[in-house]
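Below: the structure, in structure tokens.
Convention: sequence-line order gives letters A, B, ...; per-chain numbering from 1.
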2 protein chains.
Amino acid sequence: MRALSKATIYALRALIYVASKDNKDQQYVTIGEISEELNISFHFLTKTFQVLTQNGVLESHRGPHGGVLLKKPIDRIFLIDLVHILEGNDFFEKCLLGLPGCGEKEPCPVHNFWKNVKGSLEKEFEKTSLAHLIKGISTGKMRI
Amino acid sequence: MRALSKATIYALRALIYVASKDNKDQQYVTIGEISEELNISFHFLTKTFQVLTQNGVLESHRGPHGGVLLKKPIDRIFLIDLVHILEGNDFFEKCLLGLPGCGEKEPCPVHNFWKNVKGSLEKEFEKTSLAHLIKGISTGKMRI
DNA sequence: TTATATTAAGACAATTTTGTCCCAAAAATA
DNA sequence: TATTTTTGGGACAAAATTGTCTTAATATAA
Ligand code: SF4
Ligand code: SF4
């Protein structure tokens with residue numbers, strides 16, 4: 001099951017990279033560095049980072065010593081927001097069978113079943129922040 | 001979140017259609033009828049149905065009065081098996097970040113989180129059969 | 001045995017997603 | 001001001017997925 005597009009996966013890995021870099025003086029991190037470290041296409045990552053910048057997740061700065069940095073503390077950046085931005089606000093509304101023009105009123109056979117699954121996933125995303133995600137990295141037991 | 005490919009979605013809807021048709025004398029149902037009723041491309045559905053036939057979910061028969069029918073009782077056809085056949089056996093092994101060559105030994109930040117989500121989804125698929133999925137159709141309160 | 005109905009199979013086209021490339025815009029600095 | 005470094009943005013290419021079409025194989029029945 002691929003829950004997320006590659007573009008989103010790249011963005012998440014990149015954000016985890018930035019978040020896990022303890023960067024007290026808040027220096028900008030270049031997309032070049034990130035893409036190189038994580039082996040992600042520079043231009044592809046740049047494009048999806050633009051979306052994050054436009055949506056207030058990242059702050060970007062051009063020119064020498066430029067780059068990107070997180071606009072909020074890592075414990076206030078939640079997976080659910082990232083997913084809404086990157087995959088669309090209807091991410092958790094999409095359904096298993098994807099029938100046209102259906103819903104609560106006239107639900108298909110899997111409607112209630114899927115509603116539960118989605119519900120628990122959504123809760124999980126709501127309570128998971130970048131801070132949670134980078135736990136374990138510092139100990140060296142996890143990697144991106 | 002699109003959990004399943006369109007090919008799989010079509011197959012599931014088609015199977016639900018066949019299963020919900022109470023067909024005591026076990027007549028073959030033509031793919032033509034199914035594709036027309038559900039507005040699915042005939043040829044596309046035919047191809048994914050071939051996979052189901054090759055994997056013992058459907059029995060097919062060519063020629064006049066031919067078609068397909070379920071090879072097992074509807075309460076013995078489980079979502080998890082269909083998904084394994086249609087999406088690959090690694091469906092529930094795929095991970096959120098999809099890093100190359102990682103796993104339990106050297107897990108990434110989201111590994112444990114995702115493991116739980118996948119686990120509950122898998123259980124849900126294991127216990128859901130076609131029989132469960134067609135409930136509510138007979139009452140006319142649900143549709144495919 | 002011929003015509004017909006149906007699935008099987010594979011070639012091909014369209015669309016979407018992913019990835020590459022080029023140049024413009026902005027900022028620092030020399 | 002000129003040069004360099006960096007993101008921004010768009011055109012284009014490649015790959016994967018989805019959809020269409022044509023022909024073959026098989027079974028039924030007239
Ligand atoms: S009834 Fe619900 S689960 Fe079924 S296709 Fe519609 S939204 Fe999806
Ligand atoms: S460590 Fe686990 S969750 Fe992370 S990329 Fe690997 S398999 Fe996926």
Side-chain angles (χ1 to χ4, degrees), chain A residues 1-15 18 26-71 86-88 91 94 97-98 100, chain B residues 1-15 18 26-71 86-88 91 94 97-98 100:
Chain A
M1 172 179 46
R2 183 202 260 159
L4 305 168
S5 70
K6 285 201 179 187
T8 298
I9 289 172
Y10 293 153
L12 287 183
R13 288 175 57 204
L15 287 174
V18 174
Q26 289 284 290
Q27 287 189 14
Y28 289 105
V29 183
T30 70
I31 300 177
E33 174 189 333
I34 303 168
S35 67
E36 213 167 302
E37 287 295 323
L38 303 184
N39 266 284
I40 298 171
S41 151
F42 170 80
H43 293 283
F44 199 60
L45 181 57
T46 291
K47 273 195 296 193
T48 96
F49 260 25
Q50 282 170 25
V51 176
L52 292 178
T53 301
Q54 287 157 2
N55 283 276
V57 174
L58 292 173
E59 181 185 323
S60 74
H61 197 78
R62 295 194 241 196
H65 306 298
V68 297
L69 49 78
L70 299 171
K71 219 167 176 181
L86 295 166
E87 302 269 347
F91 184 77
K94 283 175 194 161
L97 294 196
Chain B
M1 171 178 48
R2 183 202 259 161
L4 304 168
S5 69
K6 286 201 178 186
T8 297
I9 290 173
Y10 293 154
L12 288 183
R13 287 175 59 204
L15 288 174
V18 174
Q26 289 284 289
Q27 287 188 12
Y28 288 105
V29 182
T30 70
I31 300 177
E33 173 188 334
I34 303 168
S35 68
E36 212 167 302
E37 287 295 323
L38 302 183
N39 265 285
I40 298 172
S41 150
F42 170 80
H43 293 284
F44 198 60
L45 181 57
T46 291
K47 273 196 296 192
T48 96
F49 260 25
Q50 283 170 26
V51 176
L52 293 178
T53 301
Q54 286 156 2
N55 283 275
V57 174
L58 292 172
E59 181 185 323
S60 75
H61 196 78
R62 294 194 240 195
H65 306 298
V68 298
L69 50 78
L70 298 171
K71 220 169 176 180
L86 294 166
E87 301 270 347
F91 184 76
K94 282 175 193 161
L97 294 196

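- Comparing A:Arg2 and A:Gly67 by the nucleotide of DNA chain D whose heavy atom lies nearest to each, the residue mapping closer to the 5' end is A:Gly67.
- Of the residues near DNA chain C, A:His65 and A:Lys47, the one whose nearest nucleotide (by heavy atom distance) lies more toward the 5' end is A:Lys47.
- Within the 4.5 Å cutoff, side-chain heavy atoms of A:Glu33 are placed close to those of A:Glu37.
- A:Ile9 approaches B:Leu97 most closely through the heavy-atom pair CG2-O, 3.0 Å.
- D:dG9 atom P lies 15 Å from atom CG of A:Leu45, rounded to whole Å.
- Once rounded to the nearest 0.5 Å, the distance linking CZ of B:Arg2 with CE of A:Met1 reads 14.5 Å.
- Between B:Gln50 and D:dA25 there is no side-chain polar atom (N or O) within less than 4.0 angstrom of OP1 or OP2.
- A:Tyr28 comes within contact range of no nucleotide atom at all, as no heavy-atom separation falls under 4.0 Å.
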| message | Please determine whether side chain to side chain contact (heavy atoms under 4.5 Å, CB included) holds for the pair B:Val68 and B:Phe49, giving the CA-CA distance in whole Å, both sets of side-chain angles, and the decisive distance to 0.1 Å. | response | CA-CA 9 Å; B:Val68 298; B:Phe49 260 25; 3.8 Å; yes

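- Atom OG of B:Ser60 sits about 9.0 Å away from atom CG of B:Leu69, to the nearest 0.5 Å.
- Using cut-offs of 30° and 60° for the angle between ring planes, the A:His61 and A:Tyr28 rings count as parallel.
- With a cutoff of under 4.0 Å to any heavy atom of chain A, the contacted region of DNA chain C is bounded 5' to 3' by C:dT18 to C:dT29.
- Rounding to the nearest 0.5 angstrom, the gap separating the OG1 atom in A:Thr46 from the CD1 atom in A:Ile40 is 10.5 Å.
- Contacts of A:His43 with the nucleic acid, taken as non-hydrogen atoms under 4.0 Å apart, include base atoms.
- If you check the side chains of A:Ser5 and A:Glu87, you find a donor sitting under 3.5 Å from an acceptor.
- Between A:Thr53 and B:Lys6, the one whose closest nucleotide on DNA chain D sits nearer the 5' end is A:Thr53.
- At a threshold of 4.0 angstrom between heavy atoms, the contacts of A:Phe49 with the nucleic acid are absent.
- Applying a 4.0 Å cut-off to non-hydrogen atoms, the residues of residues 55-64 of chain A that approach DNA chain D are A:Ser60, A:His61, A:Arg62, A:Gly63, A:Pro64, listed by residue number.
- Counting any heavy atom pair closer than 4.0 Å across all strands shown, A:Glu33 reaches no nucleic acid atom.
- OP1 or OP2 of D:dG19 lies within a sub-4.0 Å distance of a side-chain N or O belonging to B:Tyr10.
- Atom CZ of A:Phe44 is separated from atom P of D:dA14 by 16 Å (rounded to the nearest Å).
- In terms of heavy atoms, A:Ser41 sits closest to A:Ser35 at C-CB, 4.4 Å.
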